[in-house]
Amino acid sequence: MPQGQPVSVPDDGLTTRQRRNRPLLVVHTGIGKGKSTAAFGLALRAWNQGWPIGVFQFVKSAKWKVGEENALKVLGASGEGGSVAWHKMGEGWSWVQRDRQLDNEAAAREGWEQVKRDLAAETYRLYVLDEFAYPMHWGWVDTEEVVEVLRRRPGSQHVVITGRNAPAALVDAADLVTDMSKVKHPMDTGQKGQRGIEW
């Protein structure tokens, strides 16, 4: 592994080993492709370590077939790595069906309540809160509450949150933030999403 030089070392009283193994809050945001994909790659590494994984999809419809879902469920059931639980919290993008927005808001709030219950119970070692930046950005879920709950989460629970427009308070609280920027995309020239690439 690369041995980088830290810009600063926190005055937190932790040893290097203790600091290395502390739970992380990770945010993947920005307008580019790959935010969820990167989070699911992290889930694969967690599965390999034998960690229980909870995936919570907040905006994508429960009817959509997500390629990573099938792969991670098969791996989780294999008995070789960690377990995988997959929770679909939304009914689809709010700008597709505006009349369903209230249902989506309620589903997002209930999804967050379930995450809070699981964090309190230390149900998973890794939480993938896929597209969770959107409910915070839209005001469906209170960002300050999210930050406070995540700051106080017990044990060694890692959390990765994906989605565009991650609120500044979340970005400030996170340990690792990646902003996915778009340089080029096939859709720019009218090419539709394709099987095996987008899903």
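Remark: side-chain polar atoms of Ser78 are paired, donor with acceptor, to backbone N or O of Leu75 under 3.5 angstrom. In this structure, the side chain of His28 engages the main chain of Lys35 through a donor-acceptor pair within 3.5 Å. Proximity of a side-chain donor or acceptor of Trp47 to a complementary backbone N or O of Gly82 within less than 3.5 Å is detected. Remark: side-chain polar atoms of His158 are not paired, donor with acceptor, to backbone N or O of Pro23 under 3.5 angstrom. Listed for the Arg125 side chain is a donor-acceptor partner under 3.5 Å among the backbone atoms of Ser156. Checked by atom type and distance alone, the side chain of Lys33 never pairs as donor or acceptor with a backbone atom of His185 at under 3.5 Å.
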Please walk me through it: do Arg109 and Glu113 pass salt bridge (charged side-chain N to carboxylate O under 4.0 Å, His left out)?
-> CA-CA 6 Å; Arg109 282 194 295 274; Glu113 292 300 318; over 6 Å; no

List the steps, then state whether side chain to side chain donor-acceptor pair (under 3.5 Å) holds for Asp179 with Thr29.
-> CA-CA 5 Å; Asp179 188 306; Thr29 193; 5.6 Å; no

Applying side chain to side chain contact (heavy atoms under 4.5 Å, CB included), run through Val26 and Asp175 and close with a yes or a no.
-> CA-CA 6 Å; Val26 179; Asp175 302 292; over 6 Å; no

Should Lys88 and Glu69 be marked as a salt bridge (charged side-chain N to carboxylate O under 4.0 Å, His left out) after you check the CA-CA gap, both sets of side-chain angles, and the distance that decides it?
-> CA-CA 10 Å; Lys88 295 186 179 185; Glu69 176 183 358; 2.9 Å; yes

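Atoms CD1 and OG1, from Ile53 and Thr123 in turn, are 14.0 Å apart once rounded to the nearest 0.5 Å. Of the inter-residue distances, the one linking Gln49 atom CD with Leu126 atom CG reads 11.5 Å to the nearest 0.5 angstrom. One distance of note links CG of Leu150 with CG of Leu119; it measures 6.5 Å at 0.5 Å rounding. The structure places CD1 of Ile161 at 11.0 Å from CG of Asp130, a figure rounded to the nearest 0.5 Å. Here the straight-line distance linking atom CH2 of Trp51 with atom CG of Leu42 works out to 7.5 Å at 0.5 Å rounding. A distance of 8.0 Å separates CE in Met187 from NZ in Lys192, rounded to the nearest 0.5 Å.
Using a 4.5 Å cut-off between side-chain heavy atoms of Ile, Leu, Val, Met, Phe, Trp and Tyr, with links allowed through other members, Val171 and Tyr134 fall into the same hydrophobic cluster. Under a hydrophobic clustering in which Ile, Leu, Val, Met, Phe, Trp and Tyr are joined whenever their side-chain heavy atoms come within less than 4.5 Å, directly or via other members, Val160 and Leu176 fall into the same cluster.
Residues Leu72 and Ala43 share a closest heavy-atom pair of CD1-CB, 4.1 Å. Of all non-hydrogen atoms in Pro167 and Thr143, the two that sit nearest each other are CG-OG1, 3.6 Å. Nearest heavy-atom pair, Arg164 versus Gly30, reported as atom, atom and distance to 0.1 Å: CG-O, 3.2 Å. The two atoms that bring Gln157 and Asp118 nearest to each other are OE1-O, 3.8 Å, heavy atoms only. Of all the heavy atoms in Val147 and Ala173, the pair that sits closest is CG1-CB, 3.7 Å. Of all the heavy atoms in Ala133 and Gly163, the pair that sits closest is CB-O, 3.5 Å.
Classification of Arg152 and Glu148 as a salt-bridged pair holds, one side-chain N sitting under 4.0 Å from a carboxylate O. Using a 4.0 Å cut-off between charged side-chain N and carboxylate O, Glu145 and Lys116 make a salt bridge. A salt bridge is defined here as a Lys NZ or Arg NE, NH1 or NH2 lying under 4.0 Å from an Asp or Glu carboxylate O, and Arg117 with Glu110 meets this definition.
Inter-residue side-chain proximity for Val27 and Leu170 is flagged as met; some heavy-atom pair is nearer than 4.5 Å. Proximity of Trp138 to Asn104: side-chain heavy atoms (C-beta onward) are nowhere separated by under 4.5 Å. Between Tyr127 and Phe132 there is no side-chain heavy-atom pair separated by less than 4.5 Å. The side-chain heavy atoms of Thr37 and Glu68, taken from C-beta on, include a pair separated by under 4.5 Å. A 4.5 Å side-chain heavy-atom check between Val146 and Met136 finds at least one atom pair inside the cut-off. The shortest side-chain heavy-atom distance between Leu25 and Arg153 falls under the 4.5 Å cut-off.
Checked against a 6.0 Å centroid threshold, the rings of Trp86 and Phe40 count as neighbours. Taking the six-membered ring where the residue is Trp, the centroids of Phe58 and Trp112 are separated by 6.0 Å or more.
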